[in-house]
Amino acid sequence: MDLTQQAKDRTRVQENNKDNSESTECSKITMDLKFNNSRKYISITVPSKTQTMSPHIKSVDDIVVLGMNLSKFNKLTQFFICVAGVFVFYLIYGYLQELIFSMEGFKSYGWYLTLVQFAFYSIFGLIELQLIQDKRRRIPGKTYMIIAFLTVGTMGLSNTSLGYLNYPTQVIFKCCKLIPVMLGGVFIQGKRYNIADVSAAICMSLGLIWFTLADSTIAPNFNLTGVVLISLALCADAVIGNVQEKAMKLHNASNSEMVLYSYSIGFVYILLGLTCTSGLGPAVTFCAKNPIRTYGYAFLFSLTGYFGISFVLALIKIFGALIAVTVTTGRKAMTIVLSFIFFAKPFTFQYVWSGLLVVLGIFLNVYSKNMDKIRLPSLYDLINKSVEARKSRTLAQTV
């Protein structure tokens, strides 16, 4: 009986193995379970990788931005399209943001603007999610609750800080995300950084201090509260990037899913906060008196920000982080220039020197991350080149 039973078992296993080799879309796993001294076989069907993979991940070669397939163009055209998208949408974004806060009486309603912005982003994410075939939520809800909290801290504190700071000062602070990232790495993870990263942090810190001192001396509405708010927003922004990247890579989630769930949960957070602090009623009353200058501008402000990040992501995917950081740094510099042109505010050349110091720190940070791709000539190489150039000139004169 035992030999007969073993022969039957082998026959069933061989048949299952044959089914495994013939199936191309799914895999079958055979398991032996003992129950009441009898063997039972259970066949479990597991979807293949191509079935579980989201459609936007399948087509790796296709890069679609706002319904436009950039893969059809050559590299140069792709670059100019992405750069144009980043500059156009983010310059409008920055202009509208400062325009909204320049409205008399609106500076105390930064959290309500963030609430409206989160509502629009949730709608945009829902619309974009409907355009893809796979609409399943891949990232756990607990992770989204953490991401939403960090997103609220980043955008809410950043918007609120404009009630206390000049817009150029806020932009300069946003450029210096490296500082909280490095501090967290040193004190939390015990990391060690190379001389390029340390030099970048020093340049950014000195540039921030110099820029803030200039702002405090010539800006009539300077308030230290704004510096604290934008610094906290910077810390939250430094954390959220790592959390989002880890979650999206681990669960193969799409950008539209991340936007929809993180901003919709964040919307609930802000709504509860404003309701508990009695800040919702006065903000609604104020915006109802100026619906076009508040809700109208907020819609365009949110739309251009949503489109702008799409082009930034495409730029990173096609050309890498080095080119993307260079383009976005140029965009931020242009934003500061346009802010001084379109909105009257005091100006000093101390802004220029401190801003250049921050830009130097940004490029040192980029260089430290791409040392294998960017090889700057050493002092020894420069001396050798100059000596060789002099020898060739002397030889030419002799001949």
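Other residues, nucleotides and ligands contribute more than 12 heavy atoms inside 6.0 Å of the CE atom of M103. Within a 6.0 Å radius of CZ in F149, other residues, nucleotides and ligands contribute 12 heavy atoms or fewer. Few gaps surround CD1 on I341; more than 12 heavy atoms of other groups in view lie less than 6.0 Å from it. Within 6.0 Å of atom CZ in F286, more than 12 heavy atoms from other residues, nucleotides or ligands are found, so the atom counts as buried in its surroundings. Residue F80 places its CZ atom among 12 or fewer non-hydrogen atoms of other residues, nucleotides or ligands, all under 6.0 Å distant.
The closest side-chain donor-acceptor pair between Q97 and Y297, if any, does not fall under 3.5 angstrom. Checked by atom type, the side-chain pair E257/Y144 shows a donor-acceptor distance below 3.5 Å.
In this structure a side-chain-to-backbone donor-acceptor pair under 3.5 Å is missing from S354 to W210. At distances below 3.5 Å, not a single donor-acceptor pair connects side-chain atoms of S339 with backbone N or O atoms of T335. The closest donor-acceptor contact from the side chain of S102 to the backbone of L99 lies under 3.5 Å. Under a 3.5 Å cut-off, the side chain of N166 and the backbone N or O of P168 do not form any donor-acceptor pair. Side-chain atoms of T154 come within 3.5 Å of backbone N or O of L150 as a donor-acceptor pair. No side-chain donor-acceptor contact under 3.5 Å links Q170 to the backbone of S161.
Atom CG in L229 sits 11.0 Å away from atom CG in N159 (nearest 0.5 Å). To the nearest 0.5 Å, atom CZ of residue F307 and atom CG of residue L303 are 4.0 Å apart. For the atom pair CD1 (I172) and CG (L357), the distance works out to 10.0 Å, reported to the nearest 0.5 Å. Summarising the geometry, atom CZ belonging to R138 is positioned 14.5 Å from atom OG1 belonging to T143; distances are rounded to the nearest 0.5 Å. To the nearest 0.5 angstrom, S122 atom OG is 8.0 Å from F118 atom CZ. With rounding to the nearest 0.5 Å, the separation of CE in M155 from OG1 in T160 is 11.0 Å.
Listed by first then second residue, pairs satisfying side chain to side chain donor-acceptor pair (under 3.5 Å) with a partner in residues 73-92 read N74-T77, not counting sequence neighbours.
When all heavy atoms are compared, the tightest approach of V116 to A298 is CG1-CB, 3.9 Å. For the pair L271 and L115, the tightest heavy-atom approach, listed with the atom from each and the gap, is N-CD1, 3.8 Å. Residues G156 and T114 come closest through the heavy atom pair CA-OG1, 3.5 Å. Taking each heavy atom of A233 and S158 in turn, the nearest pair found is CB-N, 3.8 Å.
Aromatic pair Y121/Y263: centroids less than 6.0 angstrom apart.
Summarising the hydrophobic clusters (Ile, Leu, Val, Met, Phe, Trp, Tyr; side-chain heavy atoms under 4.5 Å, direct or chained), the residues clustered with V268 are L272.
Looking at I100 and R293, their side chains never come closer than 4.5 Å, going by heavy atoms from C-beta outward.
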